[in-house]
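Quick notes on the structure that follows.
Chain letters run A, B, ... following the sequence lines, proteins first and then strands; every chain starts at 1.
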2 protein chains.
Amino acid sequence: MAATDKALAGLRQMIASGELGPGAKFPPEPELCDHLGVSRSSLREAVRSLGALGVIESRHGSGTYVSALDPAAIISRFSLSVELIPLEGVLELLEVRRVLESHATAAAAARQDPELAQRLGAILDRLESTTDATEIQHLDAEFHGAICTAGGNSTVTALTGVIRGRGGHYRIFEPGADFDAIKRTSDRGHRAILDAITTRDPAAAATAASAHIAQTELWLRALRPDPQPELP
Amino acid sequence: MAATDKALAGLRQMIASGELGPGAKFPPEPELCDHLGVSRSSLREAVRSLGALGVIESRHGSGTYVSALDPAAIISRFSLSVELIPLEGVLELLEVRRVLESHATAAAAARQDPELAQRLGAILDRLESTTDATEIQHLDAEFHGAICTAGGNSTVTALTGVIRGRGGHYRIFEPGADFDAIKRTSDRGHRAILDAITTRDPAAAATAASAHIAQTELWLRALRPDPQPELP
DNA sequence: GTGCCAGAAATGGTCTGATGACTTACGCTT
DNA sequence: AAGCGTAAGTCATCAGACCATTTCTGGCAC
């Protein structure tokens, strides 16, 4: 087995066996090299691999630690790869978002939480009064994110967030011929979702969310040419 | 910005900008070091990071290439991190699987595909006649995997597969007091799913799949102590 | 005794150079 | 034209040195 793979397997085993739980500190690099039988370079490459996956994290001058191993945090790391997926693949991902988010929206509607509806309404008021593409994107994320959070499953929130972030790189809301029509349709969709939540109608909420995201899929399909994601 | 981060950003930018598409080959390491302004160690750590995420892959003696950037392949890389998530988190993930897989099962039922029903029936025949834990796990994966594939979204198939694989590390089907009852309930659940697919009833299929996976969640909750995932 | 500060120790981050291992391409032989 | 061996190209690994950051420790001032 290759050196880096050996180190990778060893590190994973230390976590999987329970020897090191969430937040635990690894031995210093020289000690790990000795224990795993690889050079420092190979060990460090293995550490980077697990770091990219959100499993461990190194702090300069302090040490290397097992992460919290929280599913939401780990899924968020996916954005590093998802942001590079071409449009073809993004459309498949949007189906995942549609299914998960309509589920979460129904769960949010089932909750007896007037404060949530009020907060969502405030977001929509701001969203409907702006035409700035960046602001639209942020408020849209805030709206859907708040609903998913109310849905109660942080993993779903993280996953839908990653996918939504990827879709956001395709600027639907650029000033153009169709801008007004698209914006009006989008605003209507958001209001339909909020109405269903306000009236505590989970089935209507699921339908509204599903339709809203399906509409986004249609817009993206029309945008095929020239995707230019911006990296942070 | 740190050297490795600089290299990471540079590599991602080369892909995101379209300079290098799926399958394209990167320049040799020394050239990349020069271009990105970092040492070879730092470059290699950045490459490993993106490799772990399934974005690029290095082939010894050949070169470093952009991966296919297929969403299903990228999601499959998640198993490296998901397999390390503690039981608490796995339960949240199972809700994701339940929602996605019941959707995919409904889609499979909507298809007019007698050959699928026949194939699934053959799997269940084998599954019902075995009591070996490993074989049960494999046949269960084959059954649900075939259904998800028929659902038509490879991203959903990959995601549910990763989560199912994680759950599989908790051995529900170990010989014990409840083995017979659990096995019988599980078999019944599978048959209910197949019946719904055979009769082309998407709603019933979604319900059956959802109930079946919810049952798994209950069994896992009862298994809290001593999870020992086996790494390959 | 408490709080602060400087220095020392511990630890990860980066760079350099050399060597090994594998793949690919080329040219030679048959 | 096919097969084969060699050479070039490329990634994999190791070793050692030095830098940057964090953390610990001891002593000093109050």
Quiz item: Between C/dC15 atom P and B/Leu43 atom CG, what is the distance in whole Å?
Solution: 10 Å
Self-check item: Polar side-chain contact A/Arg40-C/dT14 base: donor and acceptor under 3.5 Å
Solution: yes
Quiz prompt | Protein-nucleotide distance (A/Arg44, atom CZ; D/dG16, atom C1'), rounded to Å | solution = 15 Å
Exercise. Starting at atom CD of B/Glu45, determine the distance to atom C1' of D/dC11, rounded to an integer number of angstrom.
Key: 16 Å
Quiz item: CG of A/Leu36 versus C1' of D/dC14: gap in Å, rounded?
Solution: 15 Å
Quiz item: Where the side chain of A/Ala2 is concerned, which of D/dT10, D/dT13, C/dT14 is the nearest nucleotide?
Solution: D/dT13
Exercise. Say whether, by atom type as modelled, one donor and one acceptor occur between the side chain of B/Arg97 and the main chain of B/Ile163 under 3.5 angstrom.
Key: no
Practice problem: Using atom CG of B/Leu32 as one end and atom P of D/dA12 as the other, report the distance to the nearest whole Å. | Solution: 13 Å
Practice problem: Determine the sole option in A/Ile85, A/Leu91, A/Val90, A/Val96 for which the side chain to side chain contact (heavy atoms under 4.5 Å, CB included) test with B/Thr155 is passed. | Solution: A/Val96
Quiz prompt | Check: B/Ser186/B/Gln215 side-chain N/O donor and acceptor closer than 3.5 Å | solution = no
Quiz item: Is it the case that A/Thr4 and B/Arg48 place a side-chain donor and acceptor less than 3.5 Å from each other?
Solution: yes
Quiz item: Within the structure, does a side-chain N or O atom of B/Ser41 lie under 4.0 Å from either OP1 or OP2 of C/dG13?
Solution: no
Self-check item: B/Asp132, CG: over 12 other non-hydrogen atoms inside 6.0 angstrom
Solution: yes
Practice problem: For A/Glu29 and C/dG12, give me the distance from atom CD to atom P, rounded to whole Å. | Solution: 5 Å
Self-check item: N/O (side chain, A/Ser42) to phosphate O (OP1/OP2, D/dC14) under 4.0 Å
Solution: yes
Exercise. Would you confirm whether the ring centroid of A/His144 sits within less than 6.0 angstrom of the ring centroid of A/His190?
Key: yes
Self-check item: Strand contacts (DNA chain C) in residues 56-70 of chain A, 4.0 angstrom heavy-atom criterion
Solution: A/Ser58, A/Arg59, A/His60, A/Gly61, A/Ser62, A/Gly63, A/Thr64
Practice problem: State whether a side-chain donor-acceptor pair under 3.5 Å links B/Ser67 with B/Glu57. | Solution: no
Exercise. Calculate the interatomic distance between A/Leu50 atom CG and C/dG12 atom P; express it in whole Å.
Key: 15 Å
Quiz item: Could you give the CG-to-C1' distance, from B/Asp5 to C/dG12, as a whole number of Å?
Solution: 13 Å
Quiz item: Under 4.0 Å between a side-chain N or O of A/Arg48 and OP1 or OP2 of C/dT14?
Solution: yes
